[in-house]
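No experiment lies behind these values; they were computed from the predicted model shown.
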Amino acid sequence: MTFVNKLFILVGVLLIVLSIFSFRAKSNQDIYVPISKIEVIDIEKDGFDLLNNIQGQWLGINSVAGMEYNWFAWDYRPISASHIHGIYESGSMGNLFTSFFVANFKGTKTIMARNGGVLNGIYRTSYFVLDKTKEDEHGKYYRLVDAVGGKNTMYMELRFTKDSLYWNSYTSQLGTKSIPIRHMTYKGKKYSETLARTAAQKLNFPQQEIAYEFPTGFDNSYLYMKKSASFLWQASSNENVFKMAKSALDPITIRDYPYLSSLKINLNRQKKMKNKQIILYVSTTPLTDKKGTLSTEVDNYNNNILFSFLTNGEDSFKYTYVHPGKYYVTAIADLDKNYIISKGDISSKSIAVTIMPESNAEVNINSITYQSKALIFQNLGDDFYEEKEKDKNNKNEDTPIIDWTISYESDVKRIIQNNCITCHSKPSPSARLDLTDLDELKYAIKHKNLIKRMNDKNDPMPPKEMLSLKDRMIIFKWKKNGLLNN
C-alpha cells in the first residue's frame, strides 16, 4: 500500500478507532474503566498561550495505528477572539477536525478542545479539557483529557518547540479498553503563519473571553457513553451533517461556529469522465497556468488547504468548516486510480474563488480536459523531521547498526517509495528506470551502479539530497544479503 493510499484511509482509521468501536461499546458497559479526577487548568494562571502556539499551517508526518503518512497538513486559523479551528477533508469518506477554545468548565475559565468528524454516515464529536501544562528545555507542553472520563478514557498531548509541533493522542476506545494506548503521533513544522495572523488581526485573537459555557460539565443522561464526553449518531450518508448533529445531541454544532463558511464545488463531467475518481484541491496559489498546464513543482502542492478524493462518482461536493479567504480550486480526474497526480490524468484549470465570512460559496468546474504531464507524489520522507545541519554534505551521522537480514518488503520498499518514485515510475520514468518494478530495481543495483550514485556526494541520487546513512546502508546490506524479497 502506497503512502497516498494510506493517506486516503487516514480519516477512516482515526474515526474508526474512536467511533466504530464506540458503537459496539453499548454491549460492553460492564468493562471497568476508572474515572480519573480532572484538575482543570485556569488559563488566567497558565495554558492560555496554547491558542497562540497552535496558529498556522503545519506541514508534517503522521503515524496512526502503526501506519506511516509522510505528508499531512493542518491549517489552524482563528474563527473568533477565543476560538481556533483546523480540519482535514478526505472527500467521500468524511472529515476530521479539532478546535480549541476558551470555555467555562465547572466554574473555571480554561481551554477545551472539540474533536471529531463524519465517516461514512457516522457522526462523532468528543470534548477535551486542559488539565496539565509544563515548560522546560524541550518546549511548552499541554495535555487535554476527556471532559468526563479524564486521562483514563482518552487524552491528547501537544508540545511546541521553536517552529515545531509534536502531537500525540491516546484512546481507550471510549472506555471499552482498560487503559488508553497511543494511536496517533503527528510531527509538524510551521509552514506559514500568514493566513492565521491575518485572521487573528481581524478577530482580535487571542482573548480570554468565554466562547462556550459548560458550567456543570456534561450530563450523563444525554452522553452516548457514561465514561466519555462524546456524542455519536449513525445515518445512511454523510450529507446532512446538521441533522446528524442534532440527533447526536451534540451541545456545539457547526451552526454554532462563527466566521466559517461553506464551499460547494459542482462538476460538469464530460461523458468520458462519468464515474471517474476525482481529486479536488483547494489551494492558496493556482496549481495550473492560464493554459491549464499543471505545475510540476511538488512544493507548490504544499499550499493545499483542502484536499479530497471523490470516489463515488459525485457531481458535486460541499466543504463545511471552510476558513474565509481567496483560493484556487483544481479538479483532477485520477484515471488510473492511484490517488496521486500521474502523467495521463486529466485536470481542470485552477479556478479562483473568494470566500467571505459566514457565506455559502459555489464554484462550477465545466471542463476537465487538460492532460497532465506532471507526476506529483506529495511525500516529505522519513527524514523530514530530522534537524538539518547548515552544510548538508558535511553533517556528521552516527554509524547505524544494521544487524538484521534486509528484505525488500520489510526495509527497502519504504525507502524507494519515499524517495525515488516521483521521478522513477510509470508511465514515463526518468532515465527509463521504473524503480516501482522490483526486477528493474534489482537490475539497477547489479548493473547500473545505483548504490554508487546513492553514495556520490557530488552527484547523489536522489539529486535534491542524499539518503540518510542508515537508508544507504540498508540498501547496501540488501544487496549483500542477496536482494531478498521477503
Legend entry - Worked verdict on Y166 versus E157 for side-chain hydrogen bond (donor to acceptor under 3.5 Å, both in side chains): CA-CA 8 Å; Y166 300 80; E157 53 186 9; over 6 Å; no
Below 3.5 Å, can you tabulate the donor-acceptor pairs from side chains in residues 258-266 to any protein atom, sequence neighbours excluded?
{"unit_1": "S261", "atom_1": "OG", "unit_2": "M356", "atom_2": "O", "d": "2.6"}
{"unit_1": "S261", "atom_1": "OG", "unit_2": "E358", "atom_2": "N", "d": "2.9"}
{"unit_1": "S261", "atom_1": "OG", "unit_2": "S359", "atom_2": "N", "d": "3.0"}
{"unit_1": "S262", "atom_1": "OG", "unit_2": "N360", "atom_2": "OD1", "d": "2.8"}
{"unit_1": "N266", "atom_1": "ND2", "unit_2": "E362", "atom_2": "OE2", "d": "2.6"}
{"unit_1": "N266", "atom_1": "ND2", "unit_2": "N364", "atom_2": "OD1", "d": "2.8"}

Inset, instruction - For side-chain hydrogen bond (donor to acceptor under 3.5 Å, both in side chains), just list the numbers for T185 and S63, CA-CA rounded to whole Å, side-chain angles, deciding distance to a tenth of an Å, and then say yes or no. - result: CA-CA 5 Å; T185 296; S63 175; 5.6 Å; no
Got a second to check how far [X]'s [atom1] is from [Y]'s [atom2], nearest 0.5 Å?
X: N338; Y: T436; atom1: CG; atom2: OG1; result: 10.5 Å
X: L375; Y: I341; atom1: CG; atom2: CD1; result: 9.0 Å
X: I179; Y: T171; atom1: CD1; atom2: OG1; result: 11.5 Å
X: I365; Y: I351; atom1: CD1; atom2: CD1; result: 5.0 Å

Distance alone, cut at 3.5 Å: any donor-acceptor contact between the side chains of [X] and [Y]?
X: T161; Y: H138; result: no
X: Y155; Y: D131; result: no
X: Q57; Y: D75; result: no
X: S347; Y: S372; result: no
X: W71; Y: N302; result: yes
X: R124; Y: N115; result: yes
X: T108; Y: D42; result: no
X: N303; Y: Y191; result: yes
X: T369; Y: S367; result: yes

State whether [X] and [Y] are salt-bridged, where the test is any N-O pair (Lys NZ or Arg NE/NH1/NH2 against Asp/Glu carboxylate O) under 4.0 Å.
X: R114; Y: D250; value: yes
X: R159; Y: D136; value: yes
X: E39; Y: K37; value: yes
X: D49; Y: K140; value: yes
X: D315; Y: R269; value: yes
X: D219; Y: K226; value: no

Step through the shown structure and confirm whether more than 12 heavy atoms of other residues, nucleotides or ligands are within 6.0 Å of [atom1] on [X].
X: K276; atom1: NZ; result: no
X: E213; atom1: CD; result: yes
X: I254; atom1: CD1; result: yes

For the rings on [X] and [Y], is their centre-to-centre separation under 6.0 Å?
X: F101; Y: Y212; answer: yes
X: Y88; Y: F72; answer: yes
X: Y127; Y: F214; answer: yes
X: H85; Y: Y321; answer: yes

Parallel, tilted or perpendicular: ring planes of [X] versus [Y], cut at 30 and 60 degrees:
X: Y319; Y: F317; value: perpendicular
X: Y339; Y: F309; value: perpendicular
X: H83; Y: Y257; value: perpendicular

Inset, instruction - Could you check if a side-chain atom of I79 sits within less than 4.5 angstrom of a side-chain atom of I84, using non-hydrogen atoms only? - result: no
Inset, instruction - Please tell me if the side chains of T330 and S348 come closer than 4.5 Å, counting only heavy atoms from C-beta onward. - result: yes
Inset, instruction - Output all residues satisfying salt bridge (Lys or Arg N to Asp or Glu O under 4.0 Å) with D256, sequence neighbours left out; order by chain, then residue number. - result: none
Inset, instruction - Kindly indicate, with the supporting measurements, whether the criterion ring pair (Phe, Tyr, Trp, His ring centres under 6.0 Å) is fulfilled by Y141 and F160. - result: CA-CA 7 Å; Y141 169 92; F160 298 88; over 10 Å; no
Inset, instruction - Test the R255-F242 pair against the cation-pi criterion, namely NZ or CZ under 6.0 angstrom from the six-membered ring centroid and within 45° of the ring axis. - result: yes
